[in-house]
K.L.:
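The following block contains the structure, expressed as structure tokens.
Atoms within each ligand, like the ligands themselves, are counted from 1 in listed order.
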Amino acid sequence: MNPEIGTLTLSTASAPARKPWLEHWLDTCRDLSALTATHPMMDAVIDEIDGRMIRVGDQWLADFASCNYLGFDLDREIVESIQPYLEAWGTHPSWSRLLGSPVLYEQIEERLTALLGSEDSLVLPTITHIHMSVIPLLAASGTIFLDSRAHKTIYDGCQVARSRGAAVRRFRFEDPDHLDELLSAERDPTRLVCMDGVNSMTGNAPDLRAFAEVARRHGALLYVDDAHGFGVIGERGPGELSPYGRRGNSVVRYAGETYDGIVLVGGFSKSYSSLLAFIACPTEVKQLLKVAAPPYLYSGPSPVASLATVLAGFDVNERRGDALRAHLHALTVRVLDALERLDVATPNRSAFPIIEIPLRDHDRIDAVGRFLFERGVYVTLAAYPLVPKDEVGFRVQLTAANTVEEVDRLIAAVTELVERGELRKASAAAERAAA
Ligand SMILES: Cc1ncc(COP(=O)(O)O)c(C=O)c1O
């Protein structure tokens with residue numbers, strides 16, 4: 001997502017010569033608000049689901065916009081496991097975690113720590129809560145080195161840190177050498193590097209080994225948000241059923257890294273289809289967060305059904321997760337192979353299940369979205385200002401609950417878009433990069 005959206009708010013507030021903030025925002029978001037007001041694929045009300053098919057009004061569509069990568073939202077074993085937890089605990093704990101945590105939390109943290117292979121872990125309701133509270137604590141009044149394409153919620157966490165005295169410097173996306181340069185020039189001894197794991201738009205993972213090496217060499221703590229990688233990618237090794245690796249234990253293990261100098265943040269709201277998030281960190285950081293992180297002290301907790309979903313999800317992940325990931329990989333490759341045959345550009349180099357397809361002309365987003373809707377294909381429209389104008393397009397996310405028929409429906413629609421000249425050619429993009 002486009003991080004510029006976040007910075008505009010601040011600069012507008014402090015620049016009296018600019019238009020009033022509302023006018024400014026309406027202007028900035030004009031494309032998006034026009035789409036939201038009129039487009040059937042924006043701000044849509046979903047009336048019914050049947051597997052990964054969804055009904056919006058009279059139209060049934062194959063859904064490629066959900067982040068339920070493992071299909072746990074529809075998994076009968078998980079759905080049926082929830083009722084006994086509700087009988088035992090009611091619907092909602094309603095204590096902040098500091099006031100009282102059902103033992104389910106302890107069970108989740110124990111199993112999560114074992115799965116990740118980290119020293120310890122702490123769970124809180126959402127990643128947004130974690131970024132907003134943990135980044136300012138870890139940064140203190142030091143310097144944050146921020147991936148220029150980091151997720152908007154990381155940017156927001158950095159803005160809070162800045163308001164408490166931290167400095168923020170941006171390094172170029174996927175460029176550990178630029179990070180090295182900035183860190184070499186920095187005299188502040190308190191250094192925090194913030195970046196994404198699997199990127200929510202490109203679908204690629206960073207070269208974590210290279211970033212970790214740079215961060216360690218400069219005594220910086222590396223803070224990684226792997227919302228999209230957790231559950232999908234994991235430790236590599238013999239016996240793996242797909243190139244996603246085993247166990248879905250996230251980007252640190254996927255890269256063959258250790259947690260030395262790395263704090264990993266992830267969430268259950270994507271692969272595990274639940275409302276919960278985590279930070280994997282040393283025990284002493286966890287102890288600090290338990291007295292200093294506002295979401296632990298004050299925020300309402302995740303519902304019992306969400307905690308139960310995570311616990312059941314761990315069981316399913318252990319027994320069937322690698323097979324689900326192999327299926328997910330096969331579906332993703334089916335789409336990527338088709339794009340290659342059709343000479344369609346996409347930033348995805350990883351074969352992870354997030355595939356962005358940019359449009360030839362950003363002004364065509366409305367028409368292309370309507371065309372996909374009519375063909376019964378539901379995707380995420382990446383409109384300006386959510387992404388920069390030259391990246392406007394649509395994002396396809398595959399899940400293990402998608403069928404081959406649904407994927408083929410998507411491929412047929414993309415083929416028609418190619419025939420209509422709506423998409424960028426991969427060969428042209430490669431020529432431009434080589435020039
Ligand atoms: C990379 C990344 N980080 C954070 C979030 C926000 O997660 P949460 O809903 O748990 O706050 C998202 C959501 O899409 C995301 O893609």
K.L.:
Show me the donor-acceptor pairs, under 3.5 Å and distance only, between side chains in residues 293-305 and residues at least two apart or in other chains.
P.N.:
from, atom 1, to, atom 2, distance (Å)
Ser302, OG, Leu275, O, 2.5

K.L.:
Holding to salt bridge (Lys or Arg N to Asp or Glu O under 4.0 Å), I want the full list of residues that pass it with Arg111, two or more places apart in sequence or in another chain.
P.N.:
Asp315, Glu318

K.L.:
Could you go through ligand 1 and list every pair where one of its N or O atoms sits under 3.5 Å from a protein N or O, giving the atom names and the distance to one decimal?
P.N.:
from, atom 1, to, atom 2, distance (Å)
ligand 1, 3 (N), Asp225, OD2, 2.6
ligand 1, 10 (O), Ile127, N, 2.8
ligand 1, 11 (O), Ile127, N, 3.3
ligand 1, 11 (O), Thr128, N, 2.8
ligand 1, 11 (O), Thr128, OG1, 2.5
ligand 1, 14 (O), Lys270, NZ, 2.8
ligand 1, 16 (O), His151, NE2, 3.4
ligand 1, 16 (O), His228, NE2, 2.7

K.L.:
Looking at Glu213 and Arg209, is any side-chain nitrogen of the basic one under 4.0 Å from a carboxylate oxygen of the acidic one?
P.N.:
no

K.L.:
For Phe230 and Tyr272, take the angle between the two ring planes, folded into 0 to 90°, and tell me which bin it lands in: parallel under 30, tilted 30 to 60, perpendicular over 60.
P.N.:
parallel

K.L.:
What residue pairs, at least two apart or across chains, pass salt bridge (Lys or Arg N to Asp or Glu O under 4.0 Å) with a residue in residues 244-262?
P.N.:
Arg216-Glu257, Arg216-Asp260, Glu235-Arg246, Glu235-Arg247, Glu235-Arg253

K.L.:
Counting C-beta onward and ignoring hydrogens, is there a side-chain heavy-atom pair between Val407 and Ile411 closer than 4.5 Å?
P.N.:
yes

